**Q** 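Can you read through this structure? Questions will come right after.
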2 protein chains.
Amino acid sequence: MVTLAEVAEHAGVSASTVSYVLSGKRSISTRTRERVERSIEQLGYHPNAGARALASSRSNVIALMMPLRTDMYVPVMMEIAIAVATSARAHGYDVLLLTGDEGPAAVRRVAGSGLADAMILMDVELDDERLPLLRDSARPAVLIGLPSDTAGLTCVDLDFVATGALCVEHLAGLGHRDIAVIGEAPAVYERHTGFAERTLEGLRGRARDLGVRLLHRPCDPGYGPTSATLARVFDERPGTTGFVVQNESAVEPLLGLLRQQGRAVPEDVSVIAVCPDQVALQASVRLTSVSIPAEEMGRRAVERIVAKLAGDDADDVTLIAPELTVRASTGNAPG
Amino acid sequence: MVTLAEVAEHAGVSASTVSYVLSGKRSISTRTRERVERSIEQLGYHPNAGARALASSRSNVIALMMPLRTDMYVPVMMEIAIAVATSARAHGYDVLLLTGDEGPAAVRRVAGSGLADAMILMDVELDDERLPLLRDSARPAVLIGLPSDTAGLTCVDLDFVATGALCVEHLAGLGHRDIAVIGEAPAVYERHTGFAERTLEGLRGRARDLGVRLLHRPCDPGYGPTSATLARVFDERPGTTGFVVQNESAVEPLLGLLRQQGRAVPEDVSVIAVCPDQVALQASVRLTSVSIPAEEMGRRAVERIVAKLAGDDADDVTLIAPELTVRASTGNAPG
DNA sequence: GGGGCGAGTCGAAGCGCTTCGACTCGCCCC
DNA sequence: GGGGCGAGTCGAAGCGCTTCGACTCGCCCC
């Protein structure tokens, strides 16, 4: 391993000068800077991360806490993770991958050891057990998701309440009076996952405002559960003409089942999904959807973290406004 | 931040004694050890990661290089990543998340800076540009995937050649003489991704041996491309009765399309998939499949890395034998 | 009863950086 | 012409650990 001292010797300057060339914290003459840069290049020098962290008390690492479970929104999680990693690198940070199963202990460990300067948390529950620790911690944190009480926290999320409202509005505007919601797996609601609860809140609120009947049914992933859920819906509300789907793995099964039952989309039944654009476009009917801006969520979270590490200590909630794209799966209610 | 020196003072011992309690590298009396452990507990001490890395030249971090692209096997990638993170923690390591877009530069940076002690690489191409660097590097590395030339490298992968062979064998054994392969996206083959090419090799080889006709068609993700690919297949080979699907996003569309065409599965057409068990079980027909053991791949990669970090410097290739599970989507060829 | 040995503990050095204070030197200004 | 100032550079200290050598002490053995 090449050290800074070796670079200094090679360039004929002191170690501190090399350090200042690297950090730019003091002015260096062009002549010296170029000489040092040439030595760095020639020797293939990379600053030792541990030494740098120890001396500066900055690791230049951001921890990302991902859910361990893979029962929901896998592509969204993955896209967020990749966006976080990519944006972090663009700001000079690396990303440490933590899984949610370590829980609060991971927060303590990472904060205490200086492994990371800050953390980003995904899969936030309404009353998440990691929150008290984050509020106390000296290290900045950003949540991707929204707990019940956001006081003292910085959050980035899609505005899922508005998302739910938007879906009902769109369907109601087309004349649908009986709307069914195919939701996430029951387990997702049982642990009070923020986005699922908030979407429901938005759906119900607007349905009430507009005098539309709303039936919500959680749905385990896959064809079988979707089929059972659909049967139950038509059993309880035979007049259902509008569907809101917030469950990626139910999308294609639902479309296939409706086709089999001879219900045309959108002539007989309208379907709107809350999902990434990619899913909406790859389905067998091009879906009207509210997109989940995973890349933007990851990127914005990193931007907030970087700002906080640079001294901005405001806590705030960034809600991304939902965008509804009308495609081929929604139309006027029949009759 | 609490330091080791503060723990030492609190416990009334020297700093080195605390260090030896932590590492267990020298014997410590039970009395002293318990006193130190109590102080650590009471003060909430966490060793500083940077200082530890600097002094020991070990970061206890494993770098995981993931593909940036999300055009294939997202759930598999995600499951591997989670398995790597979980197993790494079980062995006392943390995981640094790198994306593939930094390429060889990332390998140099991580190795040179001591950010990580070792690395795991995913999404390996047959002639991957990162390989020469890995062969030279002093730091251990494990590939999840298989390049053309494995000399000087340690790899873990499903035996995709055997996987391909197994699929053809199963269908041929049921009397199918015309088999079509719905493959990954064209881009996956264009960049010579190891697993895709190897599966094809296995499929073709065994088809030749058994005198079965094989038609391979790459397929972009989604319903539209699957539909077009299927039409092309039946156009070129109207007698096709067996399908091998190695493309997760084509599975449900394919089943739906066959149903629409009035082709019963498995009475008229047999379908076998190469995919995680979860996908096979959630499809509209319970699929006969060769499973992709993502969790095992991630775990084994970590085990090999940990062994190498402990001094085992053997290079070897771990090929996981494929397992075929017969479910409801394959049966005797018609007629 | 003295020598040797292992268990247990300590002190100091060193890992490779950053950063602070101090120094030199040339220029500009009154 | 002397004082002040900013640009440019250096040396030393210090960040919080690990690890090596050395020391003490009690026990066991011949």
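Here is how names work: the chains are called A, B, and so on, in the same order as the sequence lines, proteins then strands, and each is numbered from 1. What you are looking at is a predicted structure, and each value in this text was computed from that prediction instead of being measured.
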**Q** Check this one for me: any side-chain N or O of Ser19(B) less than 4.0 Å away from OP1 or OP2 of dC17(D)?
**A**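 Negative; the distance criterion is not met.
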
**Q** Quick test of your reading of the model: are Asp315(B) and Lys308(B) salt-bridged, counting only N-O distances below 4.0 Å?
**A** yes

**Q** How would DNA chain C look in dot-bracket form, 5' to 3', counting Watson-Crick and G-U wobble pairs with both distances under 3.5 Å and writing | for bases paired to another strand?
**A** ||||||||||||||||||||||||||||||

**Q** Could you note down all residue pairs passing side-chain hydrogen bond (donor to acceptor under 3.5 Å, both in side chains) where residues 47-64 of chain B supplies at least one of them, sequence neighbours left out?
**A**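 Matches after skipping sequence neighbours: Arg58(B)-Tyr93(B), Ser59(B)-Asp117(B).
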
**Q** Hey, what are the protein-to-nucleotides 11-15 of chain C N/O distances that come in under 3.5 Å?
**A**
from, atom 1, to, atom 2, distance (Å)
dG11(C), N7, Ser16(B), OG, 3.4
dG11(C), O6, Ser16(B), OG, 3.2

**Q** Can Asp157(B) and Arg198(B) be said to form a salt bridge (Lys or Arg N to Asp or Glu O under 4.0 Å), step by step?
**A** CA-CA 11 Å; Asp157(B) 205 2; Arg198(B) 285 176 187 274; 5.9 Å; no

**Q** Heavy-atom contacts under 4.0 Å between residues 107-118 of chain B and DNA chain C, which residues?
**A**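 Output list: empty, so none.
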
**Q** Please collect all salt bridge (Lys or Arg N to Asp or Glu O under 4.0 Å) contacts where either partner lies in residues 83-99 of chain B, sequence neighbours excluded, each pair once.
**A**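 Listed by first then second residue: Glu102(A)-Arg89(B), Arg109(A)-Asp94(B), Arg89(B)-Asp94(B).
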
**Q** Contact list please: residues 21-41 of chain B against DNA chain D, heavy atoms, distance less than 4.0 Å, in numerical order.
**A** Lys25(B), Arg26(B)

**Q** Who passes side-chain contact (heavy atoms from CB on, under 4.5 Å) against Ala90(B), sequence neighbours left out?
**A**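 Here no residue qualifies.
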
**Q** What integer distance in Å separates Glu9(B):CD from dG16(D):P?
**A** 14 Å

**Q** Residues in side-chain hydrogen bond (donor to acceptor under 3.5 Å, both in side chains) with Arg35(A), at least two apart?
**A**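 For Arg35(A), no residue satisfies side-chain hydrogen bond (donor to acceptor under 3.5 Å, both in side chains) once neighbours in sequence are set aside.
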
**Q** Whole angstrom is fine here: how far is it from CE in Met1(A) over to P in dG16(C)?
**A**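 Spelled out: CE on Met1(A) to P on dG16(C) is 10 Å.
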
**Q** Would you say the side chains of Glu197(A) and His192(A) form a donor-acceptor pair under 3.5 Å?
**A** yes

**Q** Name all residues meeting the side-chain hydrogen bond (donor to acceptor under 3.5 Å, both in side chains) criterion together with Asp149(B); count only those two or more places apart in sequence or in a different chain, and write none if there are none.
**A** none

**Q** For the pair made of CG in Asn60(B) and C1' in dT18(D), what is the distance, rounded to whole Å?
**A**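 Rounded to whole Å, this separation is 13 Å.
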
**Q** By side-chain hydrogen bond (donor to acceptor under 3.5 Å, both in side chains), which residues pair with Asp159(A), not counting sequence neighbours?
**A** none

**Q** Closest approach of Ala141(B) and Leu134(B), non-hydrogen atoms and distance?
**A** CB-CD2, 3.9 Å

**Q** Asp101(A): which residues meet the side-chain hydrogen bond (donor to acceptor under 3.5 Å, both in side chains) condition with it, sequence neighbours left out?
**A** Thr99(A)

**Q** Rounded off to whole Å, could you give me the NE2-to-P distance for the His46(A) and dG16(C) pair?
**A**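 Atom NE2 in His46(A) sits about 16 Å away from atom P in dG16(C).
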
**Q** Would you mind writing out the side-chain donor-acceptor pairs for residues 4-13 of chain B within the sub-3.5 Å range, not counting sequence neighbours?
**A**
from, atom 1, to, atom 2, distance (Å)
Glu6(B), OE1, Thr3(B), N, 3.1
His10(B), ND1, Ser39(B), OG, 2.8

**Q** Nearest-Å distance, CG (Asn48(A)) to C1' (dG16(C))?
**A** 6 Å

**Q** When you compare the side chains of Ser16(B) and Ser19(B), does any donor N or O come within less than 3.5 Å of an acceptor on the partner?
**A**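 Result is no, nothing qualifies.
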
